[in-house]
2 protein chains.
Amino acid sequence: MGIAERKLRQKGEVKASILQAAWELVQREGWQSLSIRKIADAIEYSAPVIYDHFANKEAIMLEFTKRGFQQLNEQLIKAKVQFTNPEQQIEAIAYAYWKFAFDNKEYYQLMYGLGMPGCETVKQIPEMASFAEIIFSTIKEILAKNKNTSADPHLKLNTFWSTLHGLISINMLGKNESRDELNAMVLKDFLIGFISGIKG
Amino acid sequence: MGIAERKLRQKGEVKASILQAAWELVQREGWQSLSIRKIADAIEYSAPVIYDHFANKEAIMLEFTKRGFQQLNEQLIKAKVQFTNPEQQIEAIAYAYWKFAFDNKEYYQLMYGLGMPGCETVKQIPEMASFAEIIFSTIKEILAKNKNTSADPHLKLNTFWSTLHGLISINMLGKNESRDELNAMVLKDFLIGFISGIKG
DNA sequence: TATAATTTCTAACAGCGTTAGCAAATGTAG
DNA sequence: CTACATTTGCTAACGCTGTTAGAAATTATA
């Protein structure tokens with residue numbers, strides 16, 4: 001009797017439609033105006049149904065945060081494997097990270113900013129660990145290749161990630177002027193210093 | 001007739017008490033749970049009275065954002081004038097910025113993160129311009145002193161600010177483990193690279 | 001077909017920012 | 001000191017929000 005299976009499938013479909021509707025709403029009106037009732041309207045169910053699939057609104061957001069990191073990770077790996085030279089790899093990763101942030105502004109805003117996730121949230125996202133690992137391993141390769149034992153890879157990971165995030169978030173709260181040239185230069189400026197510094 | 005004056009003074013006192021009550025609430029429960037009604041309760045007035053002093057809730061937040069930048073500017077200037085050497089000045093500024101962010105977490109979260117202020121908000125805060133100017137002038141002095149004409153001070157300002165902000169915000173979404181040593185090292189790591197890079 | 005289980009709904013609670021309109025207090029002028 | 005005008009603060013309400021309780025309707029099982 002495939003009844004149970006069909007029910008599970010149908011339940012999954014509703015869950016998927018919730019996420020899809022939520023995503024469309026976010027793209028149209030931003031995170032701030034996303035509401036359970038609007039999602040319910042969009043999927044043509046009543047609001048409480050959503051709580052059969054997600055514990056609360058935050059769980060929906062968390063799901064998107066996870067997806068955001070998954071997609072980011074994909075992009076970073078795709079960028080990395082184009083090169084064998086770790087210096088080129090870290091540069092490609094930086095550009096991919098940058099591109100992801102501005103191509104997926106909604107994701108990026110949710111993943112970081114937006115109400116400062118806080119400790120609890122971070123722990124619920126294993127994808128963040130994979131993300132860190134991608135960069136960490138590349139940095140270690142550079143250090144190994146250049147026989148630089150004095151630099152701490154944890155330190156360099158932190159500097160790399162922080163700087164990138166800082167560049168992006170400062171830029172996002174500015175306006176949409178065509179500061180693209182400046183942005184590109186700032187990114188390059190940082191990368192030159194970072195890579196030369198990491199070589200020891 | 002000092003009646004009008006007294007009224008103005010009283011009005012000012014209520015306004016001040018609104019801000020004070022709001023600030024206490026924020027420190028106790030965070031920005032997320034700040035509400036007009038709670039402020040009204042705290043100052044022992046009804047909620048609509050607040051709208052005689054502020055256009056809306058956002059205006060209250062904006063006031064705090066301004067104050068945050070004012071205080072930050074004070075700290076940065078205080079740090080800067082302790083030295084005459086611009087390299088030492090920029091280092092002192094970086095540490096002061098860092099210290100401000102963690103000593104005044106609530107302010108810093110409001111000034112940046114929290115719902116991504118957006119273009120409109122930024123324009124309403126002239127204090128941000130003064131802030132940028134403090135750092136900008138110091139960078140220009142370093143460039144002048146070292147006769148470095150190739151580096152763009154705008155670029156360096158952007159890199160400096162972004163990196164600092166990135167370091168802080170990444171740290172803030174992590175936990176409160178005693179990562180102070182790591183933090184100090186990351187900051188130093190950045191500063192060494194930045195100052196050497198700026199010298200040309 | 002009758003009973004059990006699941007699904008989905010309506011209604012409600014408690015809170016939010018904000019506004020309209022009335023009541024009370026205060027100021028001004030005769 | 002009274003009469004009018006102005007300002008001040010309130011209550012009540014609107015339209016939202018996330019979330020939950022409990023009834024109704026649907027579906028599965030015996």
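Below, read A as the first sequence line, B as the second, and so on, with proteins coming before strands; counting in each chain starts at 1.
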Participant: With a cut-off of 6.0 Å (strictly less than), are more than 12 heavy atoms of other residues, nucleotides or ligands near CD of Gln27(A)?
Facilitator: yes

Participant: Atom CD of Glu44(A) and atom P of dT8(C): how far apart are they, to the nearest Å?
Facilitator: 14 Å

Participant: Less than 4.0 angstrom between a side-chain N/O of Tyr51(A) and OP1 or OP2 of dT20(D), yes or no?
Facilitator: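 Answer is no, no contact under 4.0 Å.
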
Participant: Among the nucleotides dT17(D), dG17(C), dC9(C), which one has an atom lying closest to any side-chain atom of Ile36(B)?
Facilitator: dG17(C)

Participant: Reading DNA chain D from 5' onward, which residue's closest nucleotide shows up sooner: Ala55(A) or Ser33(A)?
Facilitator: Ser33(A)

Participant: What heavy-atom pair brings Gly197(B) and Asn148(B) nearest, and what distance separates the two atoms?
Facilitator: O-ND2, 4.5 Å

Participant: Write down the distance between CG (Asp41(B)) and P (dG9(D)), rounded to a whole number of angstrom.
Facilitator: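 Checked: the CG to P distance equals 16 Å.
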
Participant: Can you figure out which of dG18(D), dG17(C), dC9(C) approaches the side chain of Pro48(A) most closely?
Facilitator: dC9(C)

Participant: Nearest of dG17(C), dT7(C), dT10(C) to any side-chain atom of Lys11(A)?
Facilitator: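 It is dT7(C).
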
Participant: Return the value, rounded to whole Å, for the distance between atom CD of Glu13(A) and atom C1' of dT7(C).
Facilitator: 16 Å

Participant: Does the ring centre of Phe131(A) sit less than 6.0 Å away from the ring centre of Trp161(A)?
Facilitator: yes

Participant: Applying a 4.0 Å non-hydrogen cut-off, can you work out what Leu34(A) is touching in the nucleic acid: base, sugar-phosphate, or nothing?
Facilitator: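 Counting heavy atoms under 4.0 Å across all strands, the contact made by Leu34(A) is with sugar-phosphate only.
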
Participant: Strictly under 6.0 Å, is that where the ring centroids of Tyr97(A) and His165(A) end up?
Facilitator: no

Participant: How many Å lie between CD on Glu58(A) and P on dG18(D), as a whole number?
Facilitator: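 Distance check: Glu58(A) CD to dG18(D) P gives 13 Å.
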
Participant: Kindly say whether, by distance alone, the side chain of Arg37(B) makes a donor-acceptor pair under 3.5 Å with the base of dG17(C)?
Facilitator: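 Looking at the base of dG17(C), it does pair with a donor or acceptor on the side chain of Arg37(B) (distance under 3.5 Å).
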
Participant: Rounded to whole angstrom units, what separation is found between the NZ atom of Lys38(A) and the C1' atom of dG15(D)?
Facilitator: 12 Å

Participant: State plainly whether one hydrophobic cluster holds both Ile192(A) and Phe190(B), where clusters connect Ile, Leu, Val, Met, Phe, Trp and Tyr through side-chain heavy atoms under 4.5 angstrom apart.
Facilitator: no

Participant: Output yes when at least one side-chain N/O atom of Ser46(A) is less than 4.0 Å from OP1 or OP2 of dT8(C), else no.
Facilitator: no

Participant: Within the structure shown, what part of the strands sits under 4.0 Å from Asp52(A) by heavy-atom distance: base, sugar-phosphate, or nothing?
Facilitator: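 Base contact.
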
Participant: Please give, in whole Å, the distance from dA25(C) C1' to Gln10(B) CD?
Facilitator: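 Rounding to the nearest Å, CD of Gln10(B) and C1' of dA25(C) are 13 Å apart.
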
Participant: Tell me which nucleotide among dT8(C), dG17(C), dA11(C) gets nearest to the side chain of Tyr45(A).
Facilitator: dT8(C)

Participant: Quickly work out the Gln32(B) CD to dT17(D) P distance and round it to whole Å.
Facilitator: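 After rounding, the gap between these two atoms is 17 Å.
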
Participant: From CD1 of Ile50(B) over to C1' of dT19(C), roughly how many Å is that when rounded to an integer?
Facilitator: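 The distance from CD1 of Ile50(B) to C1' of dT19(C) comes to 14 Å, rounded to the nearest Å.
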
